Amino acid sequence: MDRKIDYLIVGQGIAGTILSYKLIKKGYLVKVIDDGHRTASSTKAAGIVNPITGRSYVKSWMIDKLIPEAIRTYRSLENELKGKYYHEHTIVRVLGSIYEENKWSSRLLDGAYSKYIIEDYDTSALDEHFKDVESCAIIKGGRVNLRSLLTEYRNWLIEQEALIESTFKSKHLRVLPRTMYYDDIEVGKIVFAEGVQSIDNQYFPNLPFQPNKGQVLIVEMPDYKIKDIVKHGIFICPIESNRYWVGSGYERDFEDNLPTKEGKNKLKEQLANILKSTEYKIIQHISGIRPSVKGRKPLLGKSNKYSSMYLFGGLGTKGSSLAPYWAEHLISYIEGKIDIHPEVDFNRF
Ligand SMILES: Cc1cc2nc3c(=O)[nH]c(=O)nc-3n(C[C@H](O)[C@H](O)[C@H](O)COP(=O)(O)OP(=O)(O)OC[C@H]3O[C@@H](n4cnc5c(N)ncnc54)[C@H](O)[C@@H]3O)c2cc1C
């Protein structure tokens, strides 16, 4: 067990996973401390990478840079862990209004969108299963199997004696003029990647989080035959044979991160509204809190008070696509190669 390390990463959601992996690959001695995914949003997420989003069907912020880095990083993890995490996926969005139809029509004519659009698509399977499908946007996207990735990466960390299974507590940290100690481990730098728990981080006070809760049903639908991700109000996302991730809503007022009866009923009602007749069985009802931020861009940077403490968070609704690119960016910043991008600097507010 190493008693002197370069980096301690707090949190093993997708942010801490990707950041620690990239640091280890660059040759740094790293340990990750995580509390057993107690509040992880990553383990609840579908992991969808959607390049064209919102009612106006606009390209997701920086997506042309995010996707190549995401694919490169997930493929590297696949090679290392011998798993399969990134899947290219067609995303079918049922157009819900004339406004959406008009917006989509204009995207079809815009060359900047062509690499994310599929023009030939047979909608007959949709008609078989869904009510009210008149027109659709067909998008070339992806999905990251976050649950497998996080579990398999955690096991990899354990094999390398690089995981501390516990809650980071500031009372265990001693900050000295030239170094820091976490218990008896000498630590060069700490990066906090705590997801929504960063709200309570004393080293980075007053971060502008606007957390929101999402609830999800994992269902079995033996008669449902669509292998693409469908968004018809809610997402129906195939995850394994006959199993689908159905979700997820954006709740701004909530008491805790637990699933609620109202949340479950709402999802059942939404499914009843869109499906013609498919029978389903609920396997699991889960929920999580997205680490969303005012302005919807990540929060990165160095503590204003402690020069060896950094923040990597605020990944909001898009951790799967944002984490690889911004982890690389944060490392280059820490290594002194670049300035922090002003749009993600946590001091921008
Ligand atoms: C219902 C739902 C659906 C979603 N769907 C998608 C989607 O389709 N695509 C997408 O890209 N994103 C999606 N998201 C968003 C995505 O989950 C987040 O962007 C991303 O997971 C955030 O990752 P993170 O690593 O920053 O935080 P987290 O995943 O929350 O990880 C933080 C980790 O740190 C641990 N931790 C916190 N504090 C401490 C401490 N003091 N000591 C030790 N450990 C600590 C936590 O327990 C957790 O394991 C969804 C989210 C939800 C809730």
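Numbering of residues begins at 1 and proceeds along the displayed sequence. Please read these numbers as outputs of a predicted model, since none were measured by experiment. Counting convention: from 1, in listed order, for ligands and their atoms alike. Heavy atoms only: backbone and side chains are in, while hydrogens, waters and symmetry mates are out.
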Quick one: look at Pro291 and ligand 1, take heavy-atom pairs under 4.0 Å, and tell me if it's side chain, backbone, both or neither.
-> side chain
Please write down residue, atom name and distance for the protein heavy atom closest to atom 8 (O) of ligand 1.
-> Ile48 N, 2.8 Å
Write down the atom of Val30, the atom of Ala162, and the distance for their closest heavy-atom approach.
-> O-CB, 3.6 Å
Verify the distance criterion only: is there a donor paired with an acceptor across the side chains of Ser60 and Lys318 at less than 3.5 Å?
-> yes
Indicate, as side chain, backbone, both or neither, the part of Phe192 found under 4.0 angstrom from ligand 1 when only non-hydrogen atoms are considered.
-> neither
Run the contact test for Gly36 against ligand 1 with a 4.0 Å cut-off on heavy atoms, strictly below, and give the result.
-> no
Of the side chain and backbone of Ser166, name the one, both, or neither that has a heavy atom under 4.0 Å from an atom of ligand 1.
-> backbone
Any N or O on Gly288 sitting closer than 3.5 Å to an N or O of ligand 1?
-> no
Taking all heavy atoms of Arg143 and all of Cys237, pick out the closest pair and write down the distance.
-> CD-SG, 3.3 Å
When you measure from atom 34 (O) of ligand 1 to every protein heavy atom, which one gives the shortest distance, and what is it?
-> Gly11 CA, 3.2 Å
Assess Gly47 for proximity to ligand 1: is some non-hydrogen atom of it under 4.0 Å away?
-> yes
Crowding at NZ, Lys294 (>12 non-hydrogen neighbours, <6.0 Å) = no
Find out whether the Lys NZ or Arg CZ of Arg174 is both under 6.0 angstrom from the six-membered ring centre of Tyr181 and within 45° of the ring's axis.
-> yes
Region of Gln197 that comes within reach of ligand 1 [heavy atoms, distance under 4.0 Å] = side chain
Between Tyr203 and Tyr306, does the ring centre distance come in under 6.0 Å?
-> yes
Mark yes or no: Lys59 above the aromatic ring of Tyr113, with NZ or CZ under 6.0 Å from the six-membered ring centre and no more than 45 degrees from the axis.
-> yes
What residue and atom, counting heavy atoms only, is the protein's closest point to atom 31 (O) of ligand 1, and at what distance?
-> Gly13 CA, 3.2 Å
Cationic tip of Arg290 within the cone over Tyr250's six-membered ring, i.e. under 6.0 Å and within 45° of the normal?
-> yes
Heavy atoms only: which of Asp34, Asn201, Ile199 is nearest to atom 48 (C) of ligand 1?
-> Asp34
Met221 vs Lys281 side-chain heavy atoms within contact, under 4.5 Å | no
Heavy-atom nearest neighbour in the protein, as seen from atom 17 (O) of ligand 1, with distance rounded to 0.1 Å | Ser41 OG, 2.7 Å
Trp245 heavy atoms within 4.0 Å reach ligand 1 at atoms 3 (C)
Heavy-atom count around Arg75 CZ within 6.0 Å, excluding the residue itself: above 12?
-> yes
So, does Tyr250 sit close enough to ligand 1 that a heavy atom of it is under 4.0 Å from the ligand?
-> no
What distance separates Lys266 NZ from Glu262 CD, expressed to the nearest 0.5 Å?
-> 11.5 Å
Which of the ligand 1 atoms, numbered from 1, are nearer than 4.0 Å to a heavy atom of Val216 = 1 (C)
Which of the ligand 1 atoms, numbered from 1, are nearer than 4.0 Å to a heavy atom of Thr167 | 41 (N), 42 (N), 43 (C)
Do Ala45 and ligand 1 have an N or O pair less than 3.5 Å apart?
-> no
If you measure from each non-hydrogen atom of Thr317 to ligand 1, which part falls under 4.0 Å: side chain, backbone, both or neither?
-> backbone
What protein heavy atom sits nearest atom 20 (C) of ligand 1, and how far away is it?
-> Ser42 OG, 3.7 Å
Kindly say whether the aromatic ring centers of Tyr280 and Tyr244 come within a distance under 6.0 Å.
-> no
Give the residue, atom name and distance (to 0.1 Å) of the protein heavy atom nearest atom 39 (C) of ligand 1.
-> Asp35 OD2, 3.9 Å
Just wondering, more than 12 heavy atoms not from Lys4 lying within 6.0 Å of its NZ?
-> no
Check: Tyr74 ring centre within less than 6.0 Å of Tyr85 ring centre = no
Among all protein non-hydrogen atoms, which one is nearest to atom 40 (C) of ligand 1, and what is the separation to 0.1 Å?
-> Phe168 N, 3.7 Å
Side chains of Gln215 and Glu251: is there a donor and an acceptor less than 3.5 Å apart?
-> yes
With heavy atoms of Ala193 as the reference, note each atom of ligand 1 found under 4.0 Å away.
-> 32 (C), 34 (O)
For atom 18 (C) of ligand 1, what is the nearest protein heavy atom, given as residue, atom name and distance?
-> Gly316 O, 3.3 Å
Short list, please: which atoms of ligand 1 are under 4.0 Å from a heavy atom of Leu315?
-> 19 (O)
Does any N or O atom in Arg38 lie less than 3.5 angstrom from one in ligand 1, N or O only?
-> yes
